[in-house]
There are 2 protein chains.
Amino acid sequence: MANIRDIAKMAGVSVTTVSRVLNNHPYVSAEKVSAVIEAMKKYNYHRNINAVHLSKGKTFLVGVVVPFSNHPYFGLLLEGIATAALENNYKLVLIQTNYEEDKELEALKMLEDKQIDALIICSRICEWNLIEGCSANGPIVLCEDARDKRVSSTFIDHYKSFTMALNFLYKKGHTKIGYTIGRQSGTNSKQRDAAYKDFLKRHTFSYEPGYIFSGCFNFEDGDQVVEKLLQMKNRPTALLVTSDQVAAGIVTRCREQGILVPENLAIMSFDNQPISKVMHITTLEIPLVEVGKKLFGQAMKGEHVSHEEIPVRFIERQTV
Amino acid sequence: MANIRDIAKMAGVSVTTVSRVLNNHPYVSAEKVSAVIEAMKKYNYHRNINAVHLSKGKTFLVGVVVPFSNHPYFGLLLEGIATAALENNYKLVLIQTNYEEDKELEALKMLEDKQIDALIICSRICEWNLIEGCSANGPIVLCEDARDKRVSSTFIDHYKSFTMALNFLYKKGHTKIGYTIGRQSGTNSKQRDAAYKDFLKRHTFSYEPGYIFSGCFNFEDGDQVVEKLLQMKNRPTALLVTSDQVAAGIVTRCREQGILVPENLAIMSFDNQPISKVMHITTLEIPLVEVGKKLFGQAMKGEHVSHEEIPVRFIERQTV
DNA sequence: CTGTTAGCGCGTTCAC
DNA sequence: GTGAACGCGCTAACAG
């Protein structure tokens with residue numbers, strides 16, 4: 001495997017000159033350029049990018065932590081991040097955690113080891129102090145409200161949007177409202193739960209633990225929700241669903257069971273993914289692609305930490 | 001940022017000794033080990049992985065080329081690859097192409113540049129000669145039948161499985177059968193189309209261009225299919241659908257339009273994703289996670305090229 | 001415009 | 001057990 005020195009020798013120039021043509025520097029005579037290019041072709045030369053990385057102290061790699069890569073929510077987020085990365089000539093290292101802390105720590109370690117220039121965490125598990133402790137190693141960006149932390153973030157105000165949704169359902173006459181959520185421990189989930197409890201308190205509605213369905217991520221989880229609903233004697237009349245996929249699953253199963261939507265059960269969802277349009281689901285749009293782009297932008301900002309709130313948009317269709 | 005030399009100095013040992021404790025080598029006295037560890041802690045030392053990569057000529061990074069990362073098919077494939085990667089202490093570099101050739105070439109370039117140790121292409125766009133030309137730079141693994149090529153592959157015999165599905169529909173009494181497909185130019189798609197045309201020929205059925213729906217990837221594309229179906233005077237009575245998501249979209253829209261499934265339109269799908277179970281869709285299971293694991297395994301095999309066919313499994317439910 | 005040379009941070013003989 | 005010294009391939013002053 002020929003290296004830059006070999007090429008320099010074969011082309012009768014110095015390594016610097018070779019390096020210059022490699023990087024499209026000006027100030028190299030046309031003849032030498034062609035001589036170098038010739039030699040590179042002849043010896044099938046390819047630059048060793050690791051040497052470049054070492055030399056520059058940069059890898060043009062950004063780590064992205066997601067719990068699952070096969071979920072539309074993270075899929076869209078990834079798409080946004082990937083698009084921005086491409087524009088900036090960066091590559092992405094995907095770190096799928098399945099919500100296991102070890103893997104998230106590994107991602108943090110990659111930043112320490114300088115294997116990646118920055119880290120975007122789409123859904124955090126580990127403690128804040130661990131994150132902040134690593135922030136000296138490079139930019140860390142979160143997709144949750146981190147305004148009181150020393151790392152950048154792009155986020156949705158889930159307290160606000162959940163409250164907005166609850167009020168909308170209330171105005172439509174609903175007083176028995178439940179909600180579905182993915183994992184309950186995340187910051188976003190806690191904000192939502194706080195909004196929910198405050199709503200109940202404001203209207204002096206009683207808290208029904210059975211009205212909260214956790215572990216809801218995918219279409220098939222919506223199926224389970226309806227299953228549980230059928231077992232209940234005092235069912236909610238409306239459901240706030242934190243994912244269009246789950247909402248689609250619920251609507252589908254309701255149709256099978258003869259539960260009329262929205263007459264017997266109103267469904268209000270989040271994200272505004274294509275499936276919600278097809279199934280006429282009323283939803284709160286979260287511009288995930290845009291969020292992804294912003295996240296990447298913040299990752300590029302270096303030391304400078306910033307926080308950006310992304311507004312949601314109400315999309316009324318036929319399930320409320 | 002302290003480097004190995006600094007640590008050596010601070011601990012009063014040589015860089016070799018530091019390197020040894022870094023890599024858990026034997027033959028280092030306990031005292032020196034602790035001295036080194038102490039120094040590393042004190043100066044918040046972290047090894048620069050790029051230097052390791054350069055020195056070793058390996059990155060423990062494998063590139064994965066996918067057209068989109070937000071599709072369940074590739075999601076599951078990725079999950080399989082990621083799982084295997086984790087077990088082998090490898091990380092993944094995600095290269096999303098959106099089916100643009102440039103991006104695929106970039107991935108090939110990463111292999112040339114030694115930024116990744118191997119490359120897995122989940123859906124190829126560029127010419128075979130380009131792929132084979134790069135195979136000298138490191139293992140390249142494909143997810144399509146590449147038995148006549150000089151790169152490894154794990155694949156489904158789509159000709160066989162499509163034929164199987166068509167025969168099943170035929171036995172159920174269908175003679176007007178159409179199919180949906182993603183992009184038409186891929187190897188897998190061509191195999192399917194060949195199977196389709198051979199089936200028509202065998203039964204002397206005429207070829208109806210309108211029976212083939214391309215560009216079908218997601219749930220919402222199923223919606224479009226039904227839309228087109230409604231415009232046709234001579235509709236197919238059965239549809240082979242190459243993705244559960246699309247099938248789910250079709251079934252959903254059919255219900256809305258009062259098209260009975262399977263009475264008016266039989267749907268036979270592929271993949272056996274969770275959504276197909278919820279919606280009772282008859283499908284041909286493709287064990288994508290397993291495929292992903294095999295792909296990664298082949299990527300690790302180095303020079304040794306191999307080809308592995310993965311069998312599909314017939315899952316009868318209620319849409320045929 | 002061009003070449004010399006000193007790093008970048010770590011692994012690894014090979015003597016001691 | 002230990003360390004000096006060289007090599008990995010490339011970049012970037014600096015000197016011309």
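To find a chain, count down the sequence lines: A is the first, B the second, and so on, and within it residues start at 1. Worth knowing before you read on, the calculation uses all heavy atoms, side chains too, and leaves out hydrogens, waters and symmetry mates.
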Rounded distance (Å) that lies between atom C1' of C/dC10 and atom CD1 of B/Ile4:
5 Å
Return all side-chain donor-acceptor pairs below 3.5 angstrom for residues 75-88 of chain A, not counting sequence neighbours, or 'none' if the list is empty.
residue, atom, partner, partner atom, Å
A/Glu79, OE1, B/Asn70, ND2, 2.9
A/Thr83, OG1, A/Glu79, O, 2.7
A/Asn88, ND2, A/Ala84, O, 2.7

Give, ordered by number, those residues of residues 108-119 of chain B having at least one heavy-atom distance below 4.0 Å to an atom of DNA chain D; if nothing qualifies, reply none.
none
Both B/Val15 and A/Pro26 contact DNA chain C. Which one's nearest nucleotide lies toward the 5' end?
A/Pro26
Holding to ring-ring contact (aromatic ring centres under 6.0 Å, His included), I want the full list of residues that pass it with B/Tyr45, two or more places apart in sequence or in another chain.
none
Would you say A/Ser189's side chain and A/Arg183's backbone share a donor-acceptor pair under 3.5 angstrom?
yes
Give a yes or no on whether a salt bridge exists between A/Glu290 and A/Lys293, defined as a side-chain N under 4.0 angstrom from a carboxylate O.
no
Identified salt bridge (charged side-chain N to carboxylate O under 4.0 Å, His left out) counterpart of B/Glu144 within the set B/Lys149, B/Lys190, B/Arg124
B/Arg124
Option among A/Lys294, A/Arg147, A/Lys301 that satisfies the salt bridge (charged side-chain N to carboxylate O under 4.0 Å, His left out) test with A/Glu308:
A/Lys294
May I ask you to verify if any side-chain N or O of A/Lys58 is less than 4.0 angstrom from the OP1 or OP2 atom of C/dC8?
no
Please compare B/Thr17 and B/Ser55 by the position of their nearest nucleotide in DNA chain D and report the one closer to 5'.
B/Thr17
Just verifying a value: how many Å separate B/Arg20 CZ and B/Lys32 NZ, rounded to the nearest 0.5 Å?
10.5 Å
Under the rule for side-chain contact (heavy atoms from CB on, under 4.5 Å), what residues qualify as partners of B/Lys114, not counting sequence neighbours?
A/Met1, A/Asn48, A/Asn50
All ring-ring contact (aromatic ring centres under 6.0 Å, His included) counterparts of A/Tyr73, not counting sequence neighbours:
none
Pairs under 3.5 angstrom only: tabulate donor-acceptor contacts from the side chains of residues 132-142 of chain A to other protein residues two or more places apart or in another chain.
residue, atom, partner, partner atom, Å
A/Glu132, OE2, A/Arg150, N, 2.9
A/Ser135, OG, A/Glu132, O, 2.8
A/Asn137, ND2, A/Cys134, O, 3.4

With a strict under 4.0 Å distance from non-hydrogen atoms of chain A, what nucleotide opens and what nucleotide closes the contacted stretch of DNA chain D, reading 5' to 3'?
D/dG9 to D/dA13
Comparing A/Ala2 with B/Ser29, nearest DNA chain D nucleotide closer to 5' gives the residue B/Ser29
Between atom CG in B/Asn3 and atom P in C/dC10, what is the gap in whole Å?
6 Å
Do B/Glu104 side-chain atoms and B/Ile125 backbone N/O form a donor-acceptor pair below 3.5 Å?
yes
Is there side-chain contact between B/Ile4 and B/Ser19, with heavy atoms separated by less than 4.5 Å?
yes
Charged N to carboxylate O under 4.0 angstrom, B/Lys91 versus A/Glu106?
yes
B/Phe68: what forms a ring-ring contact (aromatic ring centres under 6.0 Å, His included) with it, not counting sequence neighbours?
B/Tyr99, B/Phe217
For A/Val18, answer base if it contacts any base atom (sugar-phosphate contacts may also be present), sugar-phosphate if it contacts only those atoms, and nothing otherwise; contact means non-hydrogen atoms under 4.0 Å.
nothing
Using OP1 and OP2 only, check whether a side-chain N or O of B/Asn23 sits under 4.0 Å from C/dG11.
yes
Please report, rounded to the nearest Å, how far the C1' atom of C/dG9 is from the CG atom of B/Asp6.
10 Å
Sorted by chain and number, sequence neighbours left out, ring-ring contact (aromatic ring centres under 6.0 Å, His included) with A/Phe60 holds for A/Tyr90
Which pairs, protein N/O on one side and nucleotides 13-16 of chain C N/O on the other, fall under 3.5 Å?
none

Rounded to the Å, how far apart are B/His25 NE2 and C/dC10 C1'?
12 Å
Restricting to non-hydrogen atoms, name the atom on B/Ala11 and the atom on B/Ala39 that form the minimum distance, rounded to 0.1 Å.
CB-CB, 4.1 Å
Take the C1' atoms of the five end pairs on each side of the helix from C/dC1-D/dG16 to C/dC16-D/dG1, derive the two axes, and give their angle rounded to 10 degrees.
40°
Note: contacts of residues 35-49 of chain A with DNA chain C (heavy atom, under 4.0 Å) are none
